[in-house]
Enquirer: 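My questions will all concern the structure given below.
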Amino acid sequence: QVQLVESGGGLVQAGGSLRLSCAASGTTFNWYVMGWFRQAPGKEREFIAAISRTGDNTHYQDSVKGRFTISRDNAKNTVQLEMNSLKPEDTAVYYCAAVHTGMIRTPAPEYYYWGQGTQVAVSS
C-alpha cells in the first residue's frame, strides 16, 4: 500500500510561483511512475505532469509546458512540482498519484494511489 501526502499549496498572485511536494511511504518509491493532476470546481480531474521511475523522462500537459517542472528524489521518496508564471486558470486542487508501471501514464484512472490533494489559488 502506498501513502501519498501533498504539501505546498496556497494563495498566490498571477505571475507568481509555488512549489508542491508529495511524500510517499509504504512502498519502494522507485517502482512507481509519479504524476500530478488537478481538479477545478465543476471540472474533471486533469493530467498535469508525470515523471518516470528514474526521473529521466517527463511528460506535461500542453497548457503547463515551460511553466511547470516535475522532479523526484528517490532517496527521499518525494516528487515535486515547481509552478512558475501562475495564472488564475491554474486554480485547482492538486493531487499527486502513483502507478506501478514501467511507462509514463497520463489518464487518471490508470493511477492506483492518490494523495488527499492540496489547494492552489491564483488571484488575478
Side-chain angles (χ1 to χ4, degrees):
Q1 191 74 358
V2 179
Q3 291 82 45
L4 303 173
V5 179
E6 303 97 336
S7 61
L11 174 64
V12 64
Q13 289 187 333
S17 299
L18 281 174
R19 182 180 176 87
L20 306 183
S21 186
C22 174
S25 61
T27 187
T28 302
F29 183 63
N30 62 9
W31 287 357
Y32 292 81
V33 165
M34 299 300 297
W36 283 98
F37 293 77
R38 67 187 180 190
Q39 188 166 18
K43 295 187 177 181
E44 292 187 354
R45 192 167 298 188
E46 64 174 351
F47 169 80
I48 297 300
I51 188 165
S52 64
R53 294 182 298 182
T54 60
D56 290 347
N57 295 310
T58 57
H59 183 70
Y60 297 91
Q61 184 202 94
D62 286 346
S63 69
V64 306
K65 282 181 180 178
R67 299 190 299 123
F68 291 11
T69 303
I70 188 171
S71 60
R72 68 189 294 163
D73 185 336
N74 286 343
K76 296 182 178 179
N77 288 5
T78 59
V79 59
Q80 292 79 35
L81 185 69
E82 184 75 31
M83 305 187 295
N84 299 312
S85 302
L86 283 161
K87 304 174 182 180
E89 51 264 43
D90 294 319
T91 295
V93 177
Y94 282 70
Y95 299 89
C96 73
V99 57
H100 187 186
T101 179
M103 296 181 64
I104 284 179
R105 299 280 192 257
T106 60
E110 297 190 18
Y111 282 76
Y112 300 156
Y113 303 105
W114 293 83
Q116 82 289 350
T118 185
Q119 177 71 53
V120 171
V122 184
S123 63
S124 58

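Counting from 1, the numbers follow the sequence of the chain as shown.
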Enquirer: When rounded to the nearest 0.5 angstrom, what is the spacing between CD in Gln119 and CG in Leu11?
Expert: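 Atom-to-atom, Gln119:CD and Leu11:CG are 9.5 Å apart.
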
Enquirer: Answer yes or no: is there a donor N or O on one side and an acceptor on the other, between the side chain of Ser17 and the main chain of Asn84, under 3.5 Å?
Expert: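 Between the backbone of Asn84 and the side chain of Ser17 there is no qualifying donor-acceptor contact (under 3.5 Å).
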
Enquirer: State, to 0.1 Å, how close Leu81 and Ala49 come at their nearest heavy-atom pair, and which atoms those are.
Expert: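 Where Leu81 meets Ala49 most closely, the heavy atoms are CD1-CB, 4.3 Å.
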
Enquirer: If you compare all heavy atoms of Val120 against all heavy atoms of Met83, which two are closest, and at what distance to 0.1 Å?
Expert: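 Answer, listing the atom of Val120 first, then Met83: CG2-CE, 3.9 Å.
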
Enquirer: Under the rule for side chain to side chain donor-acceptor pair (under 3.5 Å), what residues qualify as partners of Lys65, not counting sequence neighbours?
Expert: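 Counting only residues at least two positions away or on another chain, Lys65 forms a side chain to side chain donor-acceptor pair (under 3.5 Å) with Asp62.
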
Enquirer: What pair of heavy atoms forms the shortest contact from Thr58 to Ile70, and how long is it?
Expert: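 Heavy atoms of Thr58 and Ile70 come nearest at CG2-CG2, 3.7 Å.
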
Enquirer: Should Gln1 and Tyr113 count as side-chain neighbours, where that means a heavy-atom distance under 4.5 Å?
Expert: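 Yes; the side chains approach each other to less than 4.5 Å.
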
Enquirer: Show which side-chain atoms of residues 32-40 pair as donor or acceptor with protein atoms under 3.5 Å away, not counting sequence neighbours.
Expert:
{"residue": "Tyr32", "atom": "OH", "partner": "Thr27", "partner atom": "OG1", "Å": "3.4"}
{"residue": "Arg38", "atom": "NE", "partner": "Glu46", "partner atom": "OE2", "Å": "2.6"}
{"residue": "Arg38", "atom": "NH1", "partner": "Asp90", "partner atom": "OD1", "Å": "2.9"}
{"residue": "Arg38", "atom": "NH1", "partner": "Tyr94", "partner atom": "OH", "Å": "2.9"}
{"residue": "Arg38", "atom": "NH2", "partner": "Glu46", "partner atom": "OE2", "Å": "3.2"}
{"residue": "Gln39", "atom": "OE1", "partner": "Arg45", "partner atom": "NE", "Å": "3.3"}
{"residue": "Gln39", "atom": "OE1", "partner": "Arg45", "partner atom": "NH2", "Å": "3.4"}
{"residue": "Gln39", "atom": "NE2", "partner": "Lys43", "partner atom": "O", "Å": "3.1"}

Enquirer: Quick one: does any side-chain atom of Arg67 pair with a main-chain N or O of Ser85 as donor and acceptor, under 3.5 Å?
Expert: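 It does hold such a pair.
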
Enquirer: If hydrophobic clusters are built from ILVMFWY residues whose side chains come within less than 4.5 Å, do Trp31 and Trp114 share one?
Expert: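 Yes, Trp31 and Trp114 fall within the same hydrophobic cluster.
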
Enquirer: Could you tell me which non-hydrogen atom of Ile104 sits nearest to which non-hydrogen atom of Ala50, and how far apart they are?
Expert: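 Nearest pair, atom of Ile104 first, then Ala50: CG2-CB, 3.6 Å.
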
Enquirer: Check for a donor-acceptor pair, side chain of Ser52 on one end and backbone N or O of Asn57 on the other, with a separation under 3.5 Å.
Expert: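 Here the side-chain-to-backbone pair exists.
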
Enquirer: Looking only at heavy atoms, what is the nearest atom pair of Glu82 and Arg19, with distance?
Expert: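 Closest pair (atom of Glu82, atom of Arg19, distance): OE1-NH1, 2.9 Å.
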
Enquirer: Drop me the distance from Thr106's OG1 to Tyr111's OH, to the nearest 0.5 angstrom.
Expert: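 OH of Tyr111 is found 7.0 Å from OG1 of Thr106.
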
Enquirer: Can you name the residues that form a side chain to side chain contact (heavy atoms under 4.5 Å, CB included) with Glu89, not counting sequence neighbours?
Expert: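 Once residues adjacent in sequence are excluded, the partners of Glu89 under the side chain to side chain contact (heavy atoms under 4.5 Å, CB included) criterion are Lys87.
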
Enquirer: To the closest 0.5 Å, what do you measure between OG (Ser25) and CD (Gln3)?
Expert: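 Answer rounded to 0.5 Å: 4.0 Å.
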
Enquirer: Apply side chain to side chain donor-acceptor pair (under 3.5 Å) to residues Thr78 and Asp73 and explain how you reach the verdict.
Expert: CA-CA 5 Å; Thr78 59; Asp73 185 336; 4.9 Å; no

Enquirer: Would you give the length of the straight line joining atom OG1 of Thr101 to atom CZ of Arg53, rounded to the nearest 0.5 angstrom?
Expert: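 Atom-to-atom, Thr101:OG1 and Arg53:CZ are 7.0 Å apart.
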
Enquirer: For the ring pair Phe47 and His59, is the centre-to-centre distance below 6.0 Å?
Expert: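 When the ring centroids of Phe47 and His59 are compared, they turn out to be within the sub-6.0 Å range.
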
Enquirer: To the nearest 0.5 Å, tell me how far Ile51 CD1 sits from Tyr60 OH.
Expert: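 Going from CD1 on Ile51 over to OH on Tyr60, the span is 7.0 Å.
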
Enquirer: Show your reasoning for whether side chain to side chain contact (heavy atoms under 4.5 Å, CB included) applies to Arg72 and Phe29.
Expert: CA-CA 10 Å; Arg72 68 189 294 163; Phe29 183 63; 3.3 Å; yes

Enquirer: Would Val79 end up clustered with Tyr112 when hydrophobic side chains under 4.5 Å apart are linked, directly or stepwise?
Expert: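 Yes, same cluster.
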
Enquirer: Between Ala14 and Ser124, which heavy-atom pair has the shortest distance, and what is it?
Expert: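 Result for this residue pair: CB-CA, 4.3 Å.
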
Enquirer: To the nearest 0.5 Å, what is the distance between CD on Gln116 and SG on Cys96?
Expert: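 So the gap between those two atoms works out to 8.0 Å.
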
